[in-house]
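The structure appears right after this line, and notes come after that.
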Amino acid sequence: MKEPLRQLVLQGLARLQEQAVLPADVGVPFVIERTRSKEHGDFATNAALLLAKPARKNPRALAEALVAALPKSEQIHKVEIAGPGFINFFLGATAYHDEVRRVLAEAEAYGRNASGAGKTVGVEFVSANPTGPLHVGHGRNAVIGDCLSRLFEATGWNVRREFYYNDAGVQIQNLAISVQARARRLKPEDAGWPEDGYRGDYIADVAREYLAGESVEADGHIVTGAKNPDDLDAIRQFAVTSLRHEQDLDLKAFGVSFDVYFLESSLYTDGMVEKTARELIAHGHTYEEGGALWLRTTDFGDDKDRVMRKSDGTYTYFVPDVAYHLSKWQRGYGHAITVLGSDHHGTLARVKAGLQALDAGIPKDWPEYVLYQMITVMRGGEEVKISKRAGSYLTLRDLIDEAGRDATRYFLIARKSDSQLVFDIDLARSQSNDNPVYYIQYAHARVCSVFRQLDERGLSWNRANGLAQLALLDNEHEVALMSEVARYPEIVETAAANLEPNLVAQYLRELANALHAYYHAHAFIVDDANLRDARSALIVATRQVLANGLGLLGVSAPEKM
RNA sequence: GCGCCCGUAGCUCAACUGGAUAGAGCAUCGGCCUUCUAAGCCGACGGUUGCAGGUUCGAGUCCUGUCGGGCGUGCCA
């Protein structure tokens, strides 16, 4: 609804320029925004305030000139000048009625837009190493990445969901020797247990399956346990596949899937690491010191130079990181997002520096990172840190099992990613009015319930008549609800542009509130068929937007609760 | 030491990216079920936006300083 107003203001400004009230060369980044208070109408613009200085005019006088120059519009009921020079727009009821018609006409597509123009965006998230079950931090990562992907899809992007993992490094070696130790009947407290070995129970499970010769499948290949505790290579392959498989099961239970699983080892086998190193050397940003090869990342904003190749001839992790991102660039991810725990933020500057040092035409702000803060999980008023299965941390599976997929997803996405969050298990699993997930779902189920009632009473909704009778919707609660419904496309747009899916969660709560309030203030199933059909149209539109919004969050929209 | 993120009601969080009187939920207190689901609605209480300056018509939002919390700062991944 903002765009038509924006056009009106632009036309008004153009007219003022023709009349020489405004200098011809001013371009002003004015905004059309929702007002906080209904006293100020539905929308406001600050154009006159921003133009006052360049035009050397009093802002209120300028506002009056601008209002006089605005083209007429049927959607606008009234225009007022307020405060220091705000221009407030009061929409007529027909503007909202038109929006209800739009919702019903567009249905699942309502709120979507084509701003992405089919361009490709790569969203990399989770990217957990296969050394253990996913933990709660991965859960936050997963839901942020998944919801961002859904938002990109809703705004016309071609989305590639990507999971990158290290299947060959020191940590994987550590995994292999830990499983081997278990296969040799050692326990973490025994003498001979590897010093930094993984101690969780899951290591024993993997060892048992390996010894039993079971088969596991992940990322398109099957590995069968070789049973031999001395074959470390076989153990490693089995363990990686087994843990990847377990992660896949957790992700599936969480409603998250990927298009691409990218193995770090492939960067070595296909020569990308070597090639990247050669490129960096060729572009003259490296030097040798102390037997090691350094990259002058300080030339690109890093605070110290970084070692690329250690004196023992092996590469530091940061070279494959750069190679990996180069691969994304070469695969056509013109826009790339990486969802990363803020404890890894130190890697950003050097990866970006490495990419710049390649002189490959990669923009300075590519890729874009979404950093999220740590989670504290509370149960019974105490912090929960230990999971039975993982030993040292709480797993995502624990959370899903206790709170359910919907509540877990909602709780992890409802907060802005850069604020630390407290996940209260007792609250998330409570089937009570304390729980915001149920509040929203209940609004959806409530509308469904009204239609079941309608049916039971032998009535049915005449959709065409409802849409023809929307003018009957004029009470305070109806206007408030229609106004809330009409905000949805803006929410999608803003959430996608700012990479803030939490805005959708926030919005849905407000929409549900408007629906619940309307429900209590007015009966929907009334004797007057015209009014009944019109009200039904409004609540169907509301249900549609609730379902669309919940869909963006990957949370179900139940018909009955 | 240096760098990044965060400090908003007792608690958990918003505030449309610089807009008008800073809003919700929980908790506390008080109302509302013979009527479409009370997993709900309505009301009350609760604030010097950590602190001090600055920028401008206007600052929770931007800048500087300061205090507090988290994270990072390896020839570890």
Side-chain angles (χ1 to χ4, degrees), chain A residues 2 31-37 39-40 44 46 49-50 52-53 58-59 82-86 88 129 131 166 169-172 174 264 289-294 302-304 306-312 314-318 320-321 341-349 371-374 378 411 414-424 427 430-439 441-443 445-454 456-457 487 490-491 493-495 497-498 500 502-503 506-507 509-510 512-513 515-526 539 560-561:
Chain A
K2 277 184 185 177
V31 293
I32 305 284
E33 58 188 7
R34 296 243 167 210
T35 58
R36 285 192 188 174
S37 153
E39 290 169 44
H40 300 130
N46 60 353
L49 289 164
L50 296 177
K53 191 167 273 182
N58 173 307
F86 289 104
N88 293 333
N129 285 343
T131 54
N166 177 351
V170 173
Q171 289 184 35
I172 298 298
N174 192 23
E264 185 186 359
E289 189 179 298
L293 182 67
W294 295 69
D302 200 0
D303 56 355
K304 59 181 78 165
R306 306 291 168 176
V307 171
M308 284 171 57
R309 197 174 59 216
K310 293 180 269 185
S311 43
D312 68 4
T314 61
Y315 290 105
T316 57
Y317 71 96
F318 130 83
D321 265 7
S342 63
D343 53 336
H344 291 99
H345 75 260
T347 66
L348 271 59
L371 298 175
Y372 60 92
Q373 293 283 338
M374 301 297 103
M378 304 291 287
F411 273 66
R415 307 300 179 215
K416 212 190 295 184
S417 68
D418 60 8
S419 59
Q420 297 169 31
L421 83 73
V422 175
F423 191 108
D424 183 339
L427 178 60
S430 75
Q431 305 246 325
S432 77
N433 52 356
D434 305 352
N435 195 325
V437 190
Y438 292 111
Y439 183 87
Q441 292 181 320
Y442 181 42
R446 196 163 226 180
V447 174
C448 295
S449 171
V450 169
F451 281 90
R452 281 193 296 272
Q453 271 293 321
L454 198 67
E456 275 177 31
R457 297 185 195 184
R487 275 176 66 202
E490 294 159 33
I491 296 290
E493 200 183 315
T494 309
N498 298 350
E500 290 181 342
N502 54 294
L503 294 177
Q506 196 74 25
Y507 163 77
R509 201 177 194 292
E510 286 159 22
N513 181 30
L515 187 276
H516 288 310
Y518 180 36
Y519 177 92
H520 280 273
H522 301 279
F524 304 152
I525 304 177
V526 291
I539 63 173
K560 205 168 179 178
M561 291 175 75

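What you see is a predicted model; the values in this text were computed from it and never measured.
Put simply, the side chain of A:Ser311 and the base of B:C75 share a donor and an acceptor less than 3.5 Å apart. For A:Asp321 against B:A77, no side-chain N or O and base N or O form a donor-acceptor pair under 3.5 Å. A:Asn498 contributes a side-chain N or O that forms a donor-acceptor pair with the base of B:U17 under 3.5 Å. Looking at A:His344, its side chain has no donor and acceptor atom pair within 3.5 Å of the base of B:G72. Contact annotation: side chain of A:Tyr438 to base of B:A39, donor-acceptor pair absent below 3.5 Å.
In this structure, A:Lys310 reaches the B:A77 phosphate: one of its side-chain N or O atoms is under 4.0 Å from OP1 or OP2. Close to B:C16, at under 4.0 Å from its OP1 or OP2, lies no side-chain N or O of A:Lys2. Remark: A:Tyr439 is in phosphate contact with B:C41, judged by side-chain N or O atoms under 4.0 Å from OP1 or OP2.
Among the protein residues, A:Arg36 comes within range of the nucleic acid bases, having at least one heavy atom under 4.0 Å from a base atom. If you check every strand for non-hydrogen atoms under 4.0 Å, A:Ala517 touches sugar and phosphate atoms only. Within the nucleic acid shown, A:Met374 has no heavy atom closer than 4.0 Å to any nucleic acid atom. Note on A:His516: only backbone sugar-phosphate atoms sit closer than 4.0 angstrom, heavy atoms only; bases stay farther off. Counting non-hydrogen atoms under 4.0 angstrom, A:Asn46 reaches a base of the nucleic acid. Nucleic acid contact for A:Phe451: none, since no nucleic acid atom lies under 4.0 Å from a heavy atom of the residue. A:Glu493 comes within contact range of no nucleotide atom at all, as no heavy-atom separation falls under 4.0 Å. As judged by a 4.0 angstrom heavy-atom cut-off over every strand, A:Ala82 is placed among the base-contacting residues. If you check every strand for non-hydrogen atoms under 4.0 Å, A:Ala349 touches nothing. Using a 4.0 Å heavy-atom cutoff across all strands shown, A:Arg34 reaches at least one base atom of the nucleic acid.
Distances from the side chain of A:Arg415 to the nucleotides B:A14, B:C41, B:C4 place B:A14 closest. Of all nucleotides listed (B:C41, B:U73, B:C13), B:C13 comes nearest to the side chain of A:Leu421. For A:Gln171, the listed nucleotide lying nearest its side chain is B:A77; candidates were B:A77, B:C13, B:C36. Looking at the side chain of A:His345, the nearest of the listed nucleotides B:A14, B:C41, B:G72 is B:G72.
Taking atom P on both B:A24 and B:G65, the two are 37 Å apart, rounded to the nearest angstrom.
For A:Asn166 (side chain) and A:Gly169 (main-chain N/O), a donor-acceptor pair under 3.5 Å exists by modelled atom type.
The residues A:Arg487 and A:Glu510 are annotated as salt-bridged, a charged nitrogen and a carboxylate oxygen being separated by less than 4.0 angstrom.
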